[in-house]
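A short write-up of the structure that comes next.
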2 protein chains.
Amino acid sequence: METTTERRPTDRRKQVLEAASRSFAAFGYKATTMDQVAKTAGVGKGTIYTFFANKEELFEQIVKDLIAELKAVAERTLDPALPFADNLLNILQRVLAYRDRHGLVVKLSQEVKEFGTPMANGGLESVERSIIAYIAGHVSAAIEKGELRASDPSLTAYMMLKMYLALTAEGGHLHTPLDGERVLASFRFYCLEGLAVR
Amino acid sequence: METTTERRPTDRRKQVLEAASRSFAAFGYKATTMDQVAKTAGVGKGTIYTFFANKEELFEQIVKDLIAELKAVAERTLDPALPFADNLLNILQRVLAYRDRHGLVVKLSQEVKEFGTPMANGGLESVERSIIAYIAGHVSAAIEKGELRASDPSLTAYMMLKMYLALTAEGGHLHTPLDGERVLASFRFYCLEGLAVR
DNA sequence: GAATTGACTGGAATGTTATTTTGGTCACTT
DNA sequence: AAGTGACCAAAATAACATTCCAGTCAATTC
């Protein structure tokens with residue numbers, strides 16, 4: 001694997017990635033054609049196959065880049081001075097908002113609902129798993145710092161994401177959608193404080 | 001041509017419901033035909049339309065009957081001597097197990113995944129809403145008895161169901177499935193006790 | 001004459017075949 | 001060596017033919 005960005009007269013790999021990124025976000029997985037990507041990138045189709053074994057690998061690289069973006073948003077949001085709960089809420093809010101505004105995610109979600117494209121579904125799951133893994137890391141740290149009760153960090157992170165998404169009504173229209181303030185308050189209530197009387 | 005099933009002219013409506021129930025459970029909504037129901041019920045097709053305006057209404061009646069069954073299971077499970085949390089867990093466990101073993105629900109779920117049949121989806125949502133409403137009633141009572149902290153009972157019931165389902169891994173294969181004991185313990189932990197240190 | 005029936009209908013679903021599209025290759029050019 | 005685009009088989013899509021089915025209603029039964 002080539003290490004860093006060598007200065008080539010024309011960095012074809014980057015051109016391909018750029019064109020593919022735009023195309024996947026605009027048309028989804030299956031409606032993106034390799035011919036189209038090649039033409040948009042100003043590159044012969046064969047060239048794409050010198051960098052990526054096939055369409056799937058190209059797509060996976062695009063998803064990886066998106067995950068890196070999300071991680072960057074999270075890191076930018078993180079404030080070590082704040083308690084865990086505040087950071088968690090801020091990160092969930094910012095990262096999920098960014099995700100839901102990102103063309104690729106929006107398009108892939110639509111594609112999964114409409115056609116059930118397995119590759120699109122896999123991409124979204126990959127993003128979700130990464131978010132859970134990221135949160136799990138911080139849950140781990142919070143437990144060690146005594147900011148959270150002991151638990152399986154991975155399961156806890158999964159539950160946190162599920163609860164947050166349930167509140168933001170992505171799942172079903174089974175309750176009246178809450179505004180941002182109520183989402184935060186409810187999440188604190190249900191996830192952190194618990195329903196038992198104390 | 002007909003094995004001598006005794007004909008009770010007054011029973012026609014019941015015969016239709018019985019045949020429809022079996023057919024919807026065996027073949028789902030769209031693969032069930034009115035001709036088939038009529039033949040199975042030993043009744044002319046026109047007769048069905050004297051009791052039900054159309055296929056949708058017939059289906060809705062079948063779903064209503066299922067909901068009544070689930071409510072009966074819940075009532076049978078309920079033990080007024082037990083604290084709220086125990087009843088909640090018992091009821092969720094029994095009702096959802098019954099639901100997941102019920103032919104109609106299983107078939108409709110498959111149909112939604114495979115074809116996205118709107119009527120099948122509506123039926124399942126109807127069942128889910130009924131479960132939430134039922135739990136919400138008991139949440140309300142538990143709050144008044146001081147067994148639960150104050151909250152919106154309907155939202156709380158919704159969250160309880162979502163959390164329970166998240167733990168039983170119906171949603172996604174994003175965490176290793178838990179056995180029955182762990183589901184109960186985790187539900188108590190995440191939903192009732194909360195993650196905050198105390 | 002009220003209750004019941006099943007042949008009938010049109011619009012939708014499904015099967016079938018013809019045509020086009022597209023992921024991937026590779027002989028050729030630069 | 002790096003890059004290209006015409007080419008190919010397989011898959012997707014379109015076009016058309018056929019079957020299916022929810023709902024109706026004139027005829028039949030009791």
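Letters A, B, ... mirror the listed sequences (proteins, then strands); counts begin at 1.
Remark: B/E114 does not engage B/K107 in a salt bridge, criterion side-chain N to carboxylate O under 4.0 Å. A/D152 has no carboxylate O lying under 4.0 Å from a charged side-chain N of B/R182, or vice versa, which leaves the two without a salt bridge. Ion pairing between B/E18 and B/R22 holds under the 4.0 Å rule for side-chain N and carboxylate O.
If you measure from atom NZ of A/K45 to atom C1' of C/dT25, you get 9 Å, rounded to the nearest angstrom. One interatomic measurement links the two molecules: CG of B/L58 to C1' of D/dG23, which rounds to 13 Å at whole-angstrom precision. In this structure, the OH atom of B/Y29 is 12 Å from the P atom of C/dA13, given to the nearest Å. B/F52 places its CZ atom 16 Å from the P atom of D/dT24, with the value rounded to the nearest Å. Protein atom CE of A/M119 is 17 Å distant from nucleotide atom C1' of D/dA12, rounded to whole Å. Put simply, NZ on A/K39 is 11 Å from P on D/dG5, counting in whole angstrom units. Atom C1' of nucleotide D/dC21 and atom CG of B/N54 are separated by 14 Å, given to the nearest angstrom. Remark: P of C/dG24 and CD of A/Q36 are 16 Å apart, rounded to the nearest angstrom.
Contact annotation: B/K55 reaches the phosphate of D/dA22 (side-chain N/O to OP1 or OP2, under 4.0 Å). The shortest distance between the side-chain N/O atoms of B/K30 and the OP1/OP2 oxygens of C/dT14 is below 4.0 Å. An OP1 or OP2 oxygen of D/dA2 is reached within less than 4.0 angstrom by no side-chain nitrogen or oxygen of A/R12.
Counting non-hydrogen atoms of neighbouring residues, nucleotides and ligands closer than 6.0 angstrom, the CD atom of A/E181 reaches no more than 12 such neighbours.
Considering only the side chain of B/V43, C/dT5 comes nearest among C/dG24, D/dG23, C/dT5. The side chain of A/D35 sits closest to C/dT22 out of C/dT5, D/dG23, C/dT22.
Using a 30° and 60° split on the angle between ring planes, B/F24 and B/Y29 fall in the parallel class, below 30°.
Residue A/T47 is the one, among A/T47 and B/E56, whose nearest nucleotide of DNA chain D lies closer to the 5' end (criterion: closest heavy atom).
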